[in-house]
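Everything below concerns the one structure shown next.
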Amino acid sequence: MNSLMTRIRRSRAFTLIEILVVVVILGILAAVVVPRFTSATDEAEVNSTLYELQKTRRVVEVYMAQNAGRPPTITTGYGTWGELITSGNYMKANPMNRYIPQTNQGRVYAAADAAPDTAYQTDFGWIFNTTTGDLWAGGFDAADTPLPRP
């Protein structure tokens with residue numbers, strides 16, 4: 001009877017080989033799943049930025065329609081969206097470009113000769129042409145396609 005109890009107790013424990021097989025299977029699953037989450041994060045950053053870009057373009061269009069075609073007074077800097085934010089009628093918060101590093105996501109470059117990026121850059125989240133009222137996301141090209149990160 002005593003040897004029967006010992007055998008029952010021994011059969012309830014996992015062997016080293018069984019544990020190793022489980023660890024190997026978990027490693028294989030992790031190798032397959034982790035890259036999918038990484039690409040999902042990249043895709044979310046792009047989609048979030050495109051949403052903010054479309055929303056902010058509509059705000060600029062509404063402003064220009066209400067002000068005889070005059071673009072808003074946006075200046076270069078962080079959160080310097082002029083009347084779009086200060087009036088409280090257009091935007092409540094700075095748009096953020098999640099595709100570039102966090103320190104410059106809300107920074108806007110505004111100039112009369114501003115044009116969309118031709119290479120990925122991290123200095124500005126937004127590019128605004130003060131003459132035409134055109135707006136682009138930093139790190140995206142003229143067709144609103146994300147430029148490859150280095």
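We're numbering straight along the sequence, starting at 1.
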Worksheet item: Do the non-hydrogen side-chain atoms of P72 and W81 ever get within less than 4.5 Å of each other?
Response: no
Practice prompt. Calculate, to the nearest 0.5 Å, the distance between atoms OG1 and CG belonging to T73 and N67 respectively.
Written response: 9.0 Å
Worksheet item: Where is the tightest heavy-atom contact between Y120 and P150, given as atom of each residue plus distance?
Response: CD2-CD, 3.3 Å
Worksheet item: Can you tell me if Q66 and Y90 form a side-chain donor-acceptor pair at under 3.5 Å?
Response: yes
Worksheet item: N104 side chain to F124 main-chain N or O, any donor-acceptor pair under 3.5 Å?
Response: no
Discussion item. Using a 6.0 Å cut-off, check whether atom OH of Y78 has over 12 heavy atoms from anything other than its own residue.
Written reply: yes
Worksheet item: Can you name the nearest heavy-atom pair linking T56 to M91, along with the distance?
Response: CG2-SD, 4.1 Å
Fill in: Q105 backbone acceptor or donor facing N97 side chain under 3.5 Å
no
Worksheet item: In the single-linkage hydrophobic clustering (I, L, V, M, F, W, Y; side-chain heavy atoms under 4.5 Å), do V24 and L16 co-cluster?
Response: no
Worksheet item: Within the side chain of S48, is there an N or O that forms a donor-acceptor pair under 3.5 Å with the backbone of A44?
Response: no
Worksheet item: Which atoms form the tightest heavy-atom contact between Y63 and L84, and what is the distance?
Response: CB-CD2, 3.8 Å
Discussion item. Distance check, rounded to the nearest 0.5 Å: W136 atom CH2 versus D141 atom CG?
Written reply: 12.0 Å
Worksheet item: For A112 and T131, which heavy atoms make the closest approach, and how far apart are they?
Response: CB-OG1, 3.3 Å
Discussion item. Is it the case that the side chain of R149 and the backbone of Y99 share a donor-acceptor pair, with hydrogens and angles ignored and the cut-off at 3.5 Å?
Written reply: yes
Item to complete: Write out all pairs satisfying salt bridge (Lys or Arg N to Asp or Glu O under 4.0 Å) with one or both partners inside residues 77-89, taking only residues at least two apart or from two chains.
Response: R70-E83
Practice prompt. Give a yes or no on this: more than 12 heavy atoms of other residues, nucleotides or ligands lie within 6.0 Å of atom CG of L20.
Written response: yes
Response to the item:
When every non-hydrogen atom of I74 is compared with those of T80, the smallest separation belongs to CG2-O, 3.3 Å
Worksheet, complete the sentence: The side chain to side chain contact (heavy atoms under 4.5 Å, CB included) partners of A68 (sequence neighbours excluded) come to none
Worksheet item: Do P116 and I127 have side-chain heavy atoms sitting under 4.5 Å apart?
Response: no
Worksheet entry | Common cluster, V59/M64, ILVMFWY with side-chain heavy-atom separation under 4.5 Å | yes
Worksheet entry | Within 6.0 angstrom of Q102 CD, more than 12 heavy atoms from elsewhere | no
Practice prompt. Measure the spacing between CG of L135 and CG of N129 and express it to the nearest 0.5 Å.
Written response: 10.0 Å
Item to complete: Check whether any side-chain heavy atom of N94 lies under 4.5 Å from a side-chain heavy atom of W126, and answer yes or no.
Response: no
Discussion item. Would you say I100 ends up clustered with V46 if hydrophobic residues are merged whenever their side chains have heavy atoms under 4.5 Å apart, either directly or through other cluster members?
Written reply: yes
Discussion item. Between E52 and K55, does any side-chain N to carboxylate O distance fall below 4.0 Å?
Written reply: yes
Worksheet item: Do F128 and P71 come within less than 4.5 Å of each other through their side chains, counting heavy atoms only?
Response: yes
Discussion item. Side-chain heavy atoms nearer than 4.5 Å, only ILVMFWY residues, links allowed to pass through others: does that put L53 and V60 together?
Written reply: yes
